[in-house]
Amino acid sequence: MIPIFSLQECVSLAMVVAWVVLLSFCKADPASNREAAALLKWKDSLPNQSVFNSWVSPIHTNNPTPLSPCRWYGITCNNAGKVNQIDLPGKGINGTLENFDFSSFPNLVRLDLQRNNFGGSIPYNIGMVSKLQLLDLSTNSLDGSLPLSLANLTLLSKLDVSRNQITGVLDSRLFPGESSTQPKIGLLSLKYLLLQDTQLGGKIPQEIGNLKFLVTLVLDKNHFNGPIPPSFGNLSHLQILNLGNNQLSGNIPSTLATLRNLTDLRLLANNLSGIVPNELGKFSSLTALRLEDNNFTGRLPPQVCRGGKLVNFTAESNMFTGPIPISLRYCPTLYRLGLQQNQLTGHIDEDLGVYPNLTYILLSFNKLRGELSPKWGECRSLALLSIAGNMISGKIPNEIVQLDQLEKLDLSSNKLSGEIPPQIGNLSKLAFLSLQDNQLSGRIPERIGSLSNLESLDLSTNMLSGSIPSQITNCHKLRTLSLSKNKLSGTIPDEIGNLSNSLHDLLDLSYNSLSGEIPEELGMLSGLEKLNLSHNNLTGPIPDLLRSMGSLTYIDLSNNFLEGPLPDLKEYRTSPPPEASSSGINLYGNITAMRSCTETRSGERYTRKDKLLIFVVICPLSILMLLSFICIGFLAFRMRKKYKSINSLPFSLRYVRSKISYEDILEGTQNFDDLNCIGEGGFGKVYRAYVPGHDLLAVKKLSYESEMENAKHVEKEVAILKQIKHPNIVKLFAFCSREIHKFLVCEYMERGSLANMLKSEYTAKALDWGKRIQVVKGVANALCYMHHDFVPHMIHRDITSKNVLLDSKFEAHVSDFGTARILNPDSSNRTIVAGTYGYLAPELAYTMVVTEKCDVYSFGVLALEVLMGKHPGELIFSLHYSSSVESMHHKDVLDPRLPPPATQDVDDKLDLIMRVAISCLSPNPDARPTMRTASELLEKGGT
């Protein structure tokens, strides 16, 4: 029965309920009030951000104390209404943790702030949240060291500060043994310790072996050195151990092989050496084992896939010998296999099995024999197959060219014979095909034109015959085409012009028996950089359309039967080919080493009388010249033998600062494999090289070794870098001038170019204001040294963000001295314009006179680029044509991807850089400061 209340009773009841509700708000738990107040105080210290819109008091009362935050975004409370979780991952939050009061959250068990933009250091009072079980601050911009107060978090199960700028060492006091301290303290409950991609260094504490519950230990991409602690063998629950990309040395402790739960072991890119324990994989079910880029010797562990679960196994760039591990033959789970650049032996068709999930197999540059097995056609997921530089023989089986997922196929430098399978056109996803340096014969299959995604095709140095199929020009993405050193005949297909939108890198048809005229359509390849048609039987005139190929940096038409005028190409005007004097019959033009246009009549043949005169006069002269060359050569040999210099050392490389053999470089770059290419410039590619006994090296290799202009630039760079010793200029270790290879060996810069650092949002954030200030000062110091302290004084002429490289500590190093010039006080210093558009001083356009003030201007552009995070093109224009320079404020141009400067000192230094940069950009060269002045201003902070 429903009770009936009077109106007065209803009103009274409503008032009681209202008072109860009001009292429940007014008498909120003081602890909740304190937590809310702490959160609001932290919020107020940060820039205004929408993620905190819900962080306000739920009701407005006369009591100024905030109430419960349990309904705020990212905040979770326990049953008692106390904050126990703060989850704000990936919200793009800017600011610091400096004003976060950890003491106000005694019940906090989870703090997740990963993938934000927090800067500054980790506060010491973080150790006051004693109940914390998860702390994830990864992927931010935190710096400073790890506070020792973390040792108070004895319940912490996961600690992740990866991908920050944390420095210092990993303090062993964070991981004491249980009996070493009273009361119990330290991170002894940790299951997950992730510190990857920071700036931590020093030795890895052996006390980590005390973390008996540890499941995951990730310390890769740091600066740890010394040995791997043998105490890691005590981590009986360990499943993942990642120590890659450090400077660890010594052997792999045998105790690691006893870890029965270990599934993922990554030791790549260190200085580890010795023999890998044979037992590795025998007692555990490894899914990933990465040993590449070390100095290991001996045999690979034979039981690496005994558990039958191995997915990723890479051991390239070591000195392993012996066979491929026998357990790999029965390892169907394999997804990636990388064993290239070792000294492995055995028969490839016997030692490997069928892998239905395999996507990558890299076996190049070993000593493997045997034949390509047809059963590999069952590896239907294979995307990359590289077995170059071995002794593989036999034919290419049809089954391999039916792998419809294949994107790269490299079988170069083996002993393969027979024909290229006609079914090659089935590889619809193929982008890279290299069969060069084998013994392949027969015709080039017409169906190769079906490879619609092909970007690079190299069939050079084989015994291929017949004509070039016109269908090859259906590969509309083709950037590189090399068919040189074969037995090809017939004419060059007219359809070659169909590749005008893609064929930009190289067209090499040299050393064949091609005949007929050069097709006019070749001139349609306006973007082509390198063209080699030498050593063929080409006849007729050189098409005038070749002059439209404005991107050419190399052209060789020598040793043909061409006639008529040479096209007016800049390559011939500035630097004729090495065999220009024998480029063909009846060629003439206004270039060095060629007959003038006035010496012969266009299109006129020699008469019989002319030929007799040539025979009677020219032949004796030629014989006399030949004898003279022989005598000169003999005398030069005797003089060289008598007076040994650095150029006549009994090694292939000329040493500057370090002894490195020619073979070391070939092995270290895997014979200049594109997989080791880290950049490409105007004079060739840059490779990283792994050389035993050295750190990583950078090898700058000429695009085409016989190109004289490139050789001049390299020789100039060598001559300059041999003498330079400055911490902000790239060091040259050695150089090679062999006919087949010309390259420089320099120190390796881990961070790459400044341009690339600024381009990526992630790396730009890592390049914080402090580091950017140091970069600008480093470049200024280098230029000051070149202009004022190096004798004779020198200018660089191409200061750009691409030519400033950064090492692991973000220190700047000026590189690329191929266009540098010694200042001659007795000369006008007039020159052709060299440098990069957007960095060139404006006066060069009309004076053609190069001075040190040209470098000063380029430095001004670079300094503004560092501040802004992008090229300051529009700003420079406004500086030249606006009167508002004085009112300009540096905060208006700073890179918006970084938080504002944290201190006044940093802010003042950034303002100084902008003012110095603007003075360097004066249109009047005399009004620009010297680099000595600019450098001193930046060093002294303008005082």
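Note that this is a predicted model, so its numbers are computed, not measured.
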Legend entry - E747/F733 under side chain to side chain contact (heavy atoms under 4.5 Å, CB included): CA gap, chis, key distance, verdict: CA-CA 7 Å; E747 61 180 327; F733 292 121; 3.6 Å; yes
Is there a donor-acceptor contact under 3.5 Å from the side chain of [X] to the main chain of [Y]?
{"X": "N671", "Y": "G389", "result": "no"}
{"X": "R897", "Y": "G869", "result": "yes"}
{"X": "T669", "Y": "I665", "result": "yes"}
{"X": "E750", "Y": "S808", "result": "yes"}
{"X": "R266", "Y": "L243", "result": "no"}
{"X": "N294", "Y": "N318", "result": "no"}
{"X": "D807", "Y": "K809", "result": "yes"}
{"X": "N270", "Y": "L248", "result": "yes"}
{"X": "S249", "Y": "L272", "result": "no"}

Minimum-distance pair of heavy atoms, taken over all atoms of [X] and [Y]:
{"X": "N222", "Y": "Q199", "answer": "OD1-N, 3.7 Å"}
{"X": "G860", "Y": "A917", "answer": "O-CB, 3.7 Å"}
{"X": "S412", "Y": "D410", "answer": "OG-OD1, 2.7 Å"}
{"X": "D293", "Y": "S317", "answer": "OD1-CB, 3.1 Å"}
{"X": "N756", "Y": "T763", "answer": "O-OG1, 3.7 Å"}
{"X": "Y857", "Y": "P842", "answer": "CE1-CD, 3.5 Å"}

Any side-chain heavy atom of [X] within less than 4.5 Å of one from [Y]?
{"X": "I228", "Y": "I204", "result": "no"}
{"X": "P205", "Y": "D171", "result": "no"}
{"X": "V161", "Y": "L142", "result": "no"}
{"X": "E811", "Y": "N728", "result": "yes"}
{"X": "L219", "Y": "N242", "result": "no"}
{"X": "I729", "Y": "H813", "result": "no"}
{"X": "L339", "Y": "L362", "result": "no"}
{"X": "M931", "Y": "E852", "result": "no"}

Legend entry - Under the side chain to side chain donor-acceptor pair (under 3.5 Å) test, residues paired with R290 that sit two or more places apart: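 Partners of R290 under the side chain to side chain donor-acceptor pair (under 3.5 Å) test: E292, T314.
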Legend entry - Counterpart residues, side chain to side chain donor-acceptor pair (under 3.5 Å), relative to N225 (two or more places apart):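 So N225 forms no side chain to side chain donor-acceptor pair (under 3.5 Å) with any residue.
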Inset, instruction - Check the pair D895, K870 against salt bridge (Lys or Arg N to Asp or Glu O under 4.0 Å), reporting the backbone distance first and the verdict last. - result: CA-CA 8 Å; D895 190 342; K870 62 181 181 180; over 6 Å; no
Is it true that the side chains of [X] and [Y] contain a donor and an acceptor less than 3.5 Å apart?
{"X": "Q247", "Y": "N271", "answer": "no"}
{"X": "S935", "Y": "N781", "answer": "yes"}
{"X": "T198", "Y": "N164", "answer": "no"}
{"X": "N295", "Y": "S273", "answer": "no"}
{"X": "H223", "Y": "N246", "answer": "no"}
{"X": "S386", "Y": "S364", "answer": "yes"}

Legend entry - side chain to side chain contact (heavy atoms under 4.5 Å, CB included) evaluation trace for Y785 with L783: CA-CA 5 Å; Y785 169 81; L783 288 174; over 6 Å; no
Please report the interatomic distance [atom1]([X]) to [atom2]([Y]), rounded to the nearest 0.5 Å.
{"X": "L170", "Y": "L195", "atom1": "CG", "atom2": "CG", "result": "6.0 Å"}
{"X": "R479", "Y": "D505", "atom1": "CZ", "atom2": "CG", "result": "4.5 Å"}
{"X": "C784", "Y": "H726", "atom1": "SG", "atom2": "NE2", "result": "7.5 Å"}
{"X": "K700", "Y": "L732", "atom1": "NZ", "atom2": "CG", "result": "10.5 Å"}
{"X": "H793", "Y": "M786", "atom1": "NE2", "atom2": "CE", "result": "12.0 Å"}
{"X": "I795", "Y": "H787", "atom1": "CD1", "atom2": "NE2", "result": "6.5 Å"}

Side chain to side chain contact (heavy atoms under 4.5 Å, CB included) partners of [X], counting only residues at least two apart:
{"X": "K909", "answer": "I773, D905"}
{"X": "S858", "answer": "I799, Y839"}
{"X": "K853", "answer": "T851, V856, P925, R928, T930"}
{"X": "D143", "answer": "S121, Q165"}

Legend entry - Charged N-O contact under 4.0 Å between R915 and D911: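 Salt bridge flag = yes for D911 with R915.
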Inset, instruction - Evaluate whether atom NZ of K771 has more than 12 neighbouring non-hydrogen atoms of other residues, nucleotides or ligands under 6.0 angstrom away. - result: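 Atom NZ in K771 is packed in, count exceeds 12.
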Legend entry - Quiz item: cation-pi between K701 and F672, 6.0 Å / 45°: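 Judged by the rule (NZ or CZ under 6.0 Å from the ring centre, within 45° of its axis), K701 counts as positioned above F672.
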Legend entry - side-chain contact (heavy atoms from CB on, under 4.5 Å) partner of I678, the single match among M749, R688, K685: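 Exactly one option meets the side-chain contact (heavy atoms from CB on, under 4.5 Å) with I678, and it is R688.
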Legend entry - Audit row: D197, R163, salt bridge (Lys or Arg N to Asp or Glu O under 4.0 Å) steps and yes/no: CA-CA 5 Å; D197 198 6; R163 293 172 294 281; 5.9 Å; no
Inset, instruction - Given side chain to side chain contact (heavy atoms under 4.5 Å, CB included), test T321 with N342 step by step and report yes or no. - result: CA-CA 7 Å; T321 56; N342 283 286; over 6 Å; no
Inset, instruction - Go through the steps to decide whether R772 and L758 satisfy the test side chain to side chain contact (heavy atoms under 4.5 Å, CB included), and finish with yes or no. - result: CA-CA 10 Å; R772 295 195 190 197; L758 293 174; 3.9 Å; yes
